[in-house]
Every structure is written in structure tokens, then in C-alpha cells.
Novice: 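Have a look at the structure that comes next, please.
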There are 2 protein chains.
Amino acid sequence: MKPLPRPTESELAILQILWENGPSTVRFVNETLNQEREVGYTTTLKLMQIMAEKGLVLRNTASRTHIYRPAISEPETQRGLLDKFVDTAFRGSAIKLVMQALGPHKASKEELAAIKAMIEAKEKDNQ
Amino acid sequence: MKPLPRPTESELAILQILWENGPSTVRFVNETLNQEREVGYTTTLKLMQIMAEKGLVLRNTASRTHIYRPAISEPETQRGLLDKFVDTAFRGSAIKLVMQALGPHKASKEELAAIKAMIEAKEKDNQ
DNA sequence: GCCTTACTACGAAACTTTTCGTAAATAAAT
DNA sequence: ATTTATTTACGAAAAGTTTCGTAGTAAGGC
């Protein structure tokens, strides 16, 4: 099994709709996309067909209207994209990326506590 | 002044060489790139010319061999790329990105301390 | 049954990014 | 001075991504 390719930006937008809403038709995906910006129906269809070829989505073709679903989870996908991004934009330094990401961001008490907990766990690992 | 466009992946690779080594010639940049993968000299030249047009780099054309330098700092560039990336890959949630990035990463004591300090500073802000 | 609508398949155009070949100019080497 | 090497400029091909038009086929409404 060859590993799945990273999705392109448009493909990612489609995957996000599938992750959020579960297995969906092209029409539903297209209508959801159109809440953001205008996209032709066949444009969405074509993209989803390409994604099926690449293995990024699976589709049930039992009925005439095909049902698409993601072939990979959102966290797995994010991991792949993040690894690439850390390499290209931060020369491999995840820490620098974290600092940059935290910098201007308004975080809630709970979020900060969660990160802190994670860091404290890692500090224990280090010993 | 229009804000500078985000660099593409290849452009980013060139910027990184300039950030790391200071003002450089096309030849130097090309040779550095070639340590990673084979790229033709005119390919690198063309990219750098395009970057100059876009305003991503500045060049000194006083002597025949032009000297290029970045027009924007690495952190500024990273910030722009990160904002876009958080939006597209993490649907705007910087916190999720941070958690993902910290997850598998081996961090040193000092790095963890630095992040922790930043978080504690933010916790104070919140109150 | 017939017409309208909805869906998939396919191909190609449009756009972006990357790659490189060729030509012209300048400098260096012999 | 002539040749050789180095550099920029330019244009266009190649590759990747996104967009959509057209055709064919199945389904639904009348």
C-alpha cells in the first residue's frame, strides 16, 4: 500500500466538509462549498473524482448518486501536512512553530491548561 | 504599499538560503540548492528574478553579478505562512496545531521551559 | 411514453508554478 | 585580439492544480 498523497488546498476543503458532516454526496459538498465561495457543480465533482482516484476518499457507487467518505482521518491528515509545513517553513523546528503559533493567539484558560499539562508530561519524560 | 505576497515553496527555499547566509549571488544560491537536489542555474536565476519583481527580494545591480537579499524577515514570513496554514489545515484553531506539533516532538528541557513561560505569561493576561 | 431534471464521465481550457534553452552582453583567459 | 566562461534577460515548455462545458445516462414528474 502506497501512502496516500497529501491533499491539495481544494481537496482539503472538501475533506473538511466530509469530516464534519460524514459521508456526503457531491451535491451536498458543492452546496456547502458555495456558502464560502462560488464553485461550479462539475468542478466539485471532478475534484472528488480525482480524490477517489488518489485514494483520498472512498465512494459507494451502489446507487446512482455516489456517496463519498474520507479515507483518512482529520488528525492523520493534519499530521502529514504539519510535518511538511514544519520542514518547509520552519526548517524542521517544531518548537519555533509552536512559539509563533502561541504568540498572538488568544487562548482560553482551558486551552492553556491543556497545553501546560502536555508540557509537564513531556518534562517528566525527559528525566 | 501593497503587502508582499506569500512566497511559494521554491521561493521559500531560496529565502531561507538568503536568511542563513546573508546577501548572495544567484550562483551561490544555486550551488546551495544543489546540495539538496539538482536544479539548473537558469531555473534559480528565473525564480530570483520573479521574486525581485514580486518584491520578496531586493537586489543590488551595481556590479554585473547581482547581489540579492531578502526583503522580509524570516519570522515575519513564517507568521504569514502560519496564519494561512492554521486556517486551511486546522480550520483556524492554533491550539489544535500546537497540540499536534508538540505531540510527537522531542523537546529539550530549555525549549519546554520557554514554552511554559510563554503560557504562564498568557495565563496572567487572561485574568 | 415523453419531457425535464439530476447525476456521472470525460476532456480540455485556464491558471499557477517550476523548469530550462537560447541569446546577448560582459568579463576573464590565453 | 580571439576565444572561453559567466552572467542576465527573455520566452516558452512542462508540470501541477483548478475550473468548467458537453455528452450520455438514469431517474422523476406529468
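Just so it is clear: chains get the letters A, B, ... in the order the sequence lines come, proteins before strands, and each one is counted from 1. The structure displayed is predicted, hence computed values, not measured ones.
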Novice: Would you say A/N60's side chain and A/I67's backbone share a donor-acceptor pair under 3.5 angstrom?
Specialist: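 No.
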Novice: Across the strands shown, which category fits A/T43 at heavy-atom distances under 4.0 angstrom: base, sugar-phosphate, nothing?
Specialist: base
Novice: Nearest whole angstrom, please: distance from the C1' of C/dT19 to the CG of B/N30.
Specialist: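 The distance from CG of B/N30 to C1' of C/dT19 comes to 12 Å, rounded to the nearest Å.
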Novice: Just checking, any donor-acceptor pair under 3.5 angstrom between side chains of A/T77 and A/E74?
Specialist: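 Result is no, nothing qualifies.
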Novice: In what stems does DNA chain D take part, counting only runs of at least 3 consecutive Watson-Crick or G-U pairs whose two distances fall under 3.5 Å?
Specialist: C:1-30 with D:1-30
Novice: Can we say A/E11 and A/K54 salt-bridge, meaning some charged N sits less than 4.0 Å from an Asp/Glu carboxylate O?
Specialist: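 Judged by the 4.0 Å cut-off on N to carboxylate O distance, A/E11 and A/K54 do form a salt bridge.
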Novice: What's the CE-P distance between B/M51 and C/dT18, to the nearest Å?
Specialist: 10 Å
Novice: So A/E76 and A/S73, side chain to side chain donor-acceptor pair (under 3.5 Å) or not? Walk me through it.
Specialist: CA-CA 5 Å; A/E76 278 177 284; A/S73 73; 3.0 Å; yes
Novice: Mind checking A/R6 for me? I need base, sugar-phosphate or nothing, with any heavy atom below 4.0 Å counting as a touch.
Specialist: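 Touches nothing.
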Novice: Could you tell me how far apart B/N34 (CG) and C/dT19 (C1') are, to the nearest whole angstrom?
Specialist: 13 Å
Novice: Measure CD/B/E11 against P/C/dT17 and give the value in whole Å, please.
Specialist: 8 Å
Novice: Look at the side chain of A/Q16 and the backbone N and O of B/T88, then say whether any donor-acceptor pair between them is shorter than 3.5 Å.
Specialist: yes
Novice: Would you say A/S10 reaches D/dT18's phosphate, i.e. side-chain N/O to OP1/OP2 under 4.0 Å?
Specialist: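 Yes.
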Novice: So with a 6.0 Å cut-off around NZ of B/K116, is the heavy-atom count from everything else above 12?
Specialist: yes
Novice: Measure the distance from CD on B/E36 to C1' on C/dT18 and round it to the nearest whole Å.
Specialist: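 Computing the B/E36:CD to C/dT18:C1' distance gives 18 Å.
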Novice: Between C1' on C/dT19 and CD1 on B/I14, what's the gap in Å once rounded to a whole number?
Specialist: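 One finds 12 Å between C1' of C/dT19 and CD1 of B/I14, rounded.
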Novice: Can any side-chain N or O of A/T25 pair as donor or acceptor with the backbone N or O of A/F28 at less than 3.5 Å?
Specialist: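 Answer holds: yes.
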Novice: B/E9 has an atom CD; how far is it from atom C1' of C/dT18, in whole Å?
Specialist: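 Taking atom C1' of C/dT18 as the reference, CD of B/E9 is at 11 Å.
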Novice: Okay, side chain of A/Q78, backbone of B/A89: is any donor-acceptor separation there less than 3.5 Å?
Specialist: yes
Novice: State plainly whether the residues B/R79 and B/D83 are in salt-bridge range, i.e. N to O under 4.0 Å.
Specialist: yes
Novice: Report each atom pair, protein N/O against N/O of nucleotides 8-11 of chain D, whose distance is under 3.5 angstrom.
Specialist:
from	atom 1	to	atom 2	distance (Å)
D/dT8	OP1	B/H66	N	3.0
D/dT8	OP2	B/Y41	OH	2.7
D/dA9	OP2	B/Q49	NE2	3.1
D/dA9	OP2	B/R59	NH1	3.1
D/dG11	N7	B/K46	NZ	3.2

Novice: Starting at CE of A/M48 and ending at C1' of C/dT8, how long is that distance when rounded to a whole Å?
Specialist: 12 Å
Novice: Is any side-chain N or O of B/T8 closer than 4.0 Å to OP1 or OP2 of C/dT18?
Specialist: yes
